[in-house]
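First the structure, in the form of structure tokens, and then the observations on it.
Please read all numbers here as calculations on a predicted model, not as lab measurements. Along the sequence shown, residues carry numbers from 1.
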Amino acid sequence: MFSRSPVLNQSDPTEFVFRVFTTVPEFQVLLFLLFLLLYLLILCGNTAIIWVVCTYSSLRTPMYFFLCNLSFLEICYTSVVVPLMLSNIWGARKPIPLAGCGAQMFFFVTLGSTDCFLLAIMSYDRYVAICHPLHYTLIMTQRLCVQMVVCAVGLALLLSLQLTALIFTLPFCGHRREINHFLCDVPPVLRLACADTRVHQAVLYVVGILVLTVPFLLICVSYVFIASAILRIRSAEGRRRAFSTCSSHLTVVLLQYGCCSLVYLRPRSSTSEDEDRHIALVYTFVTPLLNPLIYTLRNKDVKGALRNAVLGKAASEAS
């Protein structure tokens, strides 16, 4: 069946190249340094969160377990995209073979989908913590937390594998095709297919609804109950503390789901390839960078642990 694919029957293997951001050498250097700096900040910030959560026993709670997994996802997510992107900013464009493009798309969709599912799981954790505080430790057991993360990864793998396999059975005309993007994302690759892609577009919308719409609706339902519970708290200080534990998560949710929905759930007729590429920069760089910043700057426990780690390191070096 697959041996009849037009892609595999070509005498020359299909390759893709990414469209450059700019051809001006000075701007290429500036963009390279900017994206490299952002990438290093993402790596350092998320690695710091993982290290603090794993080091301090006081942070070994379900909320920080999920935050640790989220930080690990962000590191993997950006590492799938940014190194290849940086290599294509400066100098001659480097082609990526069909198999390499498919591998990048598979891991990008898998990690991005897991990220969205994990944000929904984190909203459920906040719902249980605020609406059922007396039963929190009974409900959010370590086993349940691990099972939810495993289910999120498994579902993301299943959806990503099916979507990627479906897209790369399409024929791509020509030997070398230019992708108007900085990664092998689904919409720009679909535009290069020389065949009817209506079924593939429909599958993409279904996957988008399962990955974006359904988790976002679950998050909204969770926050309706959370808001109702917070408003019933009598003390202003109690309401402030309860809200502060959710505001960080809600900020990341709105940014992540908002940008992804603009790319994957808009009608194709109303989308621009350049707009999609610019929006993709937000969830490739901004969201992974904001995760450690938001959760550390607005979280006393994490700030306290980081402060103790820095002071402890300084004291040990001084002695």
*Could you go through the side-chain contact (heavy atoms from CB on, under 4.5 Å) check for Phe285 and Val82 one step at a time?*
CA-CA 9 Å; Phe285 287 100; Val82 178; 3.8 Å; yes

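A ring-centre distance under 6.0 Å is found for Phe35 and Phe21.
Taken together through direct or relayed side-chain contacts under 4.5 Å among Ile, Leu, Val, Met, Phe, Trp and Tyr, Val150 and Ile139 form part of one hydrophobic cluster.
A cation-pi arrangement is not found for Arg19 relative to Phe182, the charged atom failing to lie both closer than 6.0 Å to the ring centre and inside a 45° cone about the ring normal.
Between Tyr64 and Ile49, every side-chain heavy-atom pair lies at or beyond the 4.5 Å cut-off. Using a 4.5 Å heavy-atom threshold, the side chains of Leu281 and Val286 count as separate.
Remark: the backbone N or O of Cys116 is paired with a side-chain donor or acceptor of Tyr257 at under 3.5 angstrom. Using a distance-only test at 3.5 Å, with no hydrogens or angles considered, a donor-acceptor pair links the side chain of Asn46 to the main chain of Pro288. Within the 3.5 Å criterion, the main-chain N or O of Leu166 finds a donor-acceptor partner in the side chain of Thr169. Formation of a donor-acceptor pair under 3.5 Å by the Asn69 side chain with backbone atoms of Phe65 is found in this model. A donor-acceptor pair under 3.5 Å links the side-chain atoms of Asn88 to the main chain of Leu84, judged by distance alone.
Residues satisfying the side-chain contact (heavy atoms from CB on, under 4.5 Å) criterion with Gln162, sequence neighbours excluded, are Leu158.
One side chain, Tyr39 or Ser79, offers a donor N or O that lies under 3.5 Å from an acceptor on the other. There is a side-chain donor-acceptor pair under 3.5 Å between Asp125 and Tyr136.
No more than 12 heavy atoms of other residues, nucleotides or ligands sit less than 6.0 Å from atom CZ of Phe216.
The SG atoms of Cys101 and Cys184 are placed within less than 2.5 angstrom of each other.
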